[in-house]
Amino acid sequence: MARSKFAGGKTGTGVLRRLWPAERELFKEHLLRLDAVTRRERFGTAVNDAFLENYAMTTFGVGGLVYAYVEDDVVRGAAELRGLDDIVAQTGEAAFSVEAGWRRRGIGADLLGRLITAARNRGIRTLYMTFLPGNTAMRRLAAKFEADLVGGYADVEGVIATGGPTPFTILDEALDNATGFATLALSIQRRFWPTTLLARALRA
Ligand SMILES: CC(C)(COP(=O)(O)OP(=O)(O)OC[C@H]1O[C@@H](n2cnc3c(N)ncnc32)[C@H](O)[C@@H]1OP(=O)(O)O)[C@@H](O)C(=O)NCCC(=O)NCCS
């Protein structure tokens, strides 16, 4: 199975980490920046801003999990895992979007690696990815992770057998989450500092 080029979570000046519900605005802004072609590749059809705004609001509900590549407090790539609420089926669905200027740096591969680990740790044995037949990038990315590709006329389905959880996959995710919390706390602090300084200056 493919290993990420960015093991350790860093690529460029950004970081790959879990995105939390409090950060859904960052996810929404990322989706809204996607051009028409990318939107079609990601959602299988043309979608407008209103659809994406609504989609971003529902993504962090029960059964959803998001990993993101975050650079300067801006989300440039995201991977979603859905279906966690269906414990019986033990299947999940993954979907990806990396902004055009950030592609071919290994972000997509790293995001898929994180999702596979997260899926394993939650008892998901089969991970599905659906994409358009002409989507070479996604086809190759899925193949890198030894996905079985089932071709259809309208779309292609990539199927990855994830395997069960191990102490290593659990530790891996725990470390990831610790990084995620720490960087979330830092970015909140950064956003609040200027306001706090201003308030102090006004009181003095
Ligand atoms: C698919 C997508 C997520 C890949 O993201 P990425 O960050 O560019 O992917 P990576 O840099 O990790 O590339 C991983 C592998 O995918 C393949 N790949 C990626 N882009 C490719 C391209 N344009 N042409 C051919 N192969 C490509 C390569 O095999 C690559 O490995 P390599 O660089 O070692 O050769 C990105 O192209 C994207 O957001 N596309 C639009 C949305 C979409 O199609 N989503 C999928 C539907 S769920």
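For ligands, and for the atoms within them, numbers begin at 1 and follow the listed sequence.
- Inclusion of Ala94 in the set of residues having an N or O under 3.5 Å from an N or O of ligand 1 is not warranted.
- Side chains of Thr166 and Arg120: a donor-acceptor N/O pair is absent below 3.5 angstrom, by distance only.
- For atom 11 (O) of ligand 1, the nearest non-hydrogen atom from the set Gly106, Ala142, Gly158 comes from Gly106.
- Applying the salt bridge (charged side-chain N to carboxylate O under 4.0 Å, His left out) rule to pairs touching residues 44-54 yields Arg39-Asp49, sequence neighbours excluded.
- Counting only heavy atoms from C-beta outward, the side chains of Glu23 and Phe60 never approach each other to under 4.5 Å.
- Nearest to atom 21 (C) of ligand 1 by heavy atom, out of Arg104, Glu80, Met129, is Arg104.
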Walk me through it: do Arg82 and Glu93 pass the test salt bridge (charged side-chain N to carboxylate O under 4.0 Å, His left out)? CA-CA 5 Å; Arg82 290 187 175 241; Glu93 200 178 332; over 6 Å; no
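- Using a 4.0 Å cut-off to heavy atoms of Leu141, the atoms of ligand 1 that qualify are 14 (C), 16 (O).
- The distance from atom CG of Leu19 to atom NE2 of His30, rounded to the nearest 0.5 Å, is 10.0 Å.
- No continuous path of ILVMFWY side-chain contacts below 4.5 Å connects Tyr128 to Val66, so the two sit in separate hydrophobic clusters.
- Listed by atom number, the atoms of ligand 1 under 4.0 Å from Arg105 heavy atoms are 11 (O).
- Below 4.0 Å from some heavy atom of Asn135 lie the following atoms of ligand 1, by number and element: 43 (C), 44 (O), 46 (C).
- Side chain of Thr162 to backbone of Ile124: a donor-acceptor contact under 3.5 angstrom is found.
- Each of the atoms 39 (O) of ligand 1 lies under 4.0 Å from some heavy atom of Ser97.
- Those atoms of ligand 1 that come under 4.0 Å of a heavy atom in Thr130, given as number and element, are 47 (C), 48 (S).
- Ligand 1 has a nitrogen or oxygen under 3.5 angstrom from a nitrogen or oxygen of Val98.
- Each of the atoms 12 (O) of ligand 1 lies under 4.0 Å from some heavy atom of Ala109.
- Identified under the salt bridge (charged side-chain N to carboxylate O under 4.0 Å, His left out) test for residues 148-169, with sequence neighbours left out: none.
- Of the options Arg42, Arg103, Met138, the smallest heavy-atom separation from atom 40 (N) of ligand 1 is shown by Arg103.
- Heavy-atom proximity to Lys144, at under 4.0 Å, picks out these atoms of ligand 1: 15 (C), 31 (O), 32 (P), 34 (O).
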